Each structure stands twice: as structure tokens, then as C-alpha cells.
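Everything below concerns the one structure shown next.
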Number of protein chains: 2
Amino acid sequence: MVEYDSQTLDTIFHALGDATRRAMLGDLAVGDRTVGELAEPFAMSLAAASKHIKVLEAAGLIRRDVRGRTHVCSLEPMPLMSADQWLGVYRRFWTNRLDTLEQLLRADDAATPHPPKPPLPGTEGE
Amino acid sequence: MVEYDSQTLDTIFHALGDATRRAMLGDLAVGDRTVGELAEPFAMSLAAASKHIKVLEAAGLIRRDVRGRTHVCSLEPMPLMSADQWLGVYRRFWTNRLDTLEQLLRADDAATPHPPKPPLPGTEGE
DNA sequence: ATCATATTCAACCATATGGTTGAATATGAT
DNA sequence: ATCATATTCAACCATATGGTTGAATATGAT
């Protein structure tokens, strides 16, 4: 059942609500990264990137392994699962929406008497 | 493929990063609600709730139908699908994690020589 | 016309957020 | 011991966020 308390979800979704942090997670999906490596792609100070990393860490989305003077970060996926589970409740809504859309397209298609290929663009006057 | 530009995801995840707003979505999952109905469960002013509703609306998560003096809100699920798709990239990470965990449990189980049912709670001294 | 109801607006406030810079800390290399 | 590298800390700043209150707006009911 995986208990999701709302404060945890607040922290997780908040952490995901920033493009820099999502990009960092994307980077960590490829492999482990030091703080410096995580910061490198971004046009901001190391201190700023360090703060983002701490937000991710606080949300439980990454783990930090201090090896000497470098800190190696790795992806910690379980909080993403919580977020996914929360979203899962709403899945039927968008699948419904898509099904309805598909039916409309089918009906539309059936109503159209086999258009013998659309004309090439620009061959018919406006 | 559903293009997800990062600014859109920022807005969506940010909207989801607040318990009040998630609860409102939960309410709308049951059925349509007026602004007043959406605000009612919360210990905050109508104006504050109204702001939350506007955040959800700006993220495209709800639609508003103005009927006379009441505004009827309804769930708009597609942005949730975008969020879900973003998360989907990471699904393999948590399923991996769960698989590993399950294997550990199996190995553990196999190693244990058939414990003949756990004792009832409280029947053995501390 | 008058009054009640539903909602927003505007001004305000405290705190959080995302950034900066310069100094501090801790480890590694010579 | 000395210097370089990796990272954080502290102080600061502008803006965003989530809340408040009182007034305004717009519609509905009588």
C-alpha cells in the first residue's frame, strides 16, 4: 500500500518542480556523479548547484557517498515511486480522455468516404 | 511522443507540490466542484483557496466553467499524464530496486529452515 | 430597487526560494 | 609543510509563495 504522507509528497513534488533538479536526476539516471560533475552543465555557481543537490537529497531522491574530498551522488528512485503512485489514482482520467479521443477519430474516419490520399501540399490554390 | 517542455513540467510539478492543491484535485476526481465547495474543507480564507485554484488552473490541471456567479471547476487530467510520462523514464529504477529486494527476501526465506509459524504476539516474554 | 451570495482584487505580510560572492573546511598531491 | 582541489558555509539579495483582511464586482433572489 505504501503510505504516502502529504508532507513527503510536498517535498518530492517540490524537488521535481525545478528544471535544474530534474536535469540532475536525468544525469544520475545515466550513472553516478560527483557534485562537481552534476553542477558542470549549469550556468550557475557551484554553491547554487550544491543547494539544488541538497534539495534532492532532502527529498530522498539521491544518496551521497562522501569519498575523501569528493561527494559521489547516486539516484534513489523510491520517492519517485511514491509520486508515481499518487499520480496512478488519476491514470483512469487521462486514459478515458484518450479513449474518447480515439473513438472520435474512428468515427471521423468512418464518416469520411475514403479520401484517396491527401493532395500534396501546395498543389491546390488557397 | 508528447513533447514535454521543462517550463510546463515546472508549473505542473510545482502545482502538485502542495497538499492543499493535491487534495483539491482529489476532490475533483470525485466530481465537479464550485470554488466555494473546493475551498470548504480547508482552514483558510476563500481568497487563499481561490489562489490555489488559480495555480491549478494555470498549470492546466483544472478547467473552470463560469455559470452565473458560481465557477464550476473540473479535473483536466492531461498535464498529469505529462508528469507521469516524465516519471516513467525512472520506472525501471524502482522496479529494479523492488526486484532486488524480493530476491533478497527469497534467499533469506530459503536459508531459514521452515520456521513453523511465528508465535502469536505476546505469548513469548520480551 | 434592494439585499444576499459567490468570487475576485488589492494591499499587505512573513517566510521560502534560487541565486550571488567571498571565506572556510577538508582532503589529496608534492 | 605547502599548494591545489572539492565542497560547503555564511551573509546577502530579489522575487515568489502562501497566507491575511477589507473592498469591489457580478449575479441571483425578492
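Note that the structure is predicted; figures quoted are calculated from it, not measured. Throughout, a chain's letter reflects where its sequence line sits, starting with A, and its residues are numbered from 1.
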Q. Could you run down nucleotides 18-29 of chain D 5' to 3' and tag each one B, S or - for protein heavy-atom contact under 4.0 Å?
A. SBBB-----BS-

Q) Taking a pair as Watson-Crick or G-U wobble with both distances under 3.5 Å, which nucleotide is matched to dA26(D)? A) dT5(C)

Q: Indicate whether OP1 or OP2 belonging to dT8(D) is found under 4.0 Å from a side-chain N or O atom of Ser50(A).
A: yes

Q. How close or far is atom P of dT5(D) from atom CD of Glu37(A), stated in whole angstroms?
A. 16 Å

Q | Worked verdict on Asp65(B) versus Arg63(B) for salt bridge (Lys or Arg N to Asp or Glu O under 4.0 Å) | A | CA-CA 7 Å; Asp65(B) 189 13; Arg63(B) 231 188 39 208; 5.5 Å; no

Q. In the single-linkage hydrophobic clustering (I, L, V, M, F, W, Y; side-chain heavy atoms under 4.5 Å), do Val72(A) and Leu56(A) co-cluster?
A. no

Q. Is any side-chain N or O of Lys54(A) closer than 4.0 Å to OP1 or OP2 of dC9(D)?
A. yes

Q | Integer-rounded Å distance: dA6(C) C1' and Arg33(B) CZ | A | 17 Å

Q. Is it true that a side-chain atom of Arg21(A) and a backbone atom of Ala15(A) form a donor plus acceptor pair closer than 3.5 Å?
A. yes

Q: Would you mind pulling out the nucleotide paired to dC12(C), Watson-Crick or G-U wobble, both distances under 3.5 Å?
A: dG19(D)

Q. Hey, does Arg64(B) have a side-chain heavy atom less than 4.5 Å from the side chain of Val35(B)?
A. yes

Q) Does the pair Ile62(B) and Leu25(B) meet the rule for a side chain to side chain contact (heavy atoms under 4.5 Å, CB included), with working shown? A) CA-CA 8 Å; Ile62(B) 70 178; Leu25(B) 291 178; 3.8 Å; yes

Q. Could you walk me through whether Arg92(A) and Asp99(A) pass the salt bridge (Lys or Arg N to Asp or Glu O under 4.0 Å) check?
A. CA-CA 10 Å; Arg92(A) 65 184 179 95; Asp99(A) 288 353; over 6 Å; no

Q. Between atom CG in Asp10(B) and atom P in dT17(C), what is the gap in whole Å?
A. 15 Å

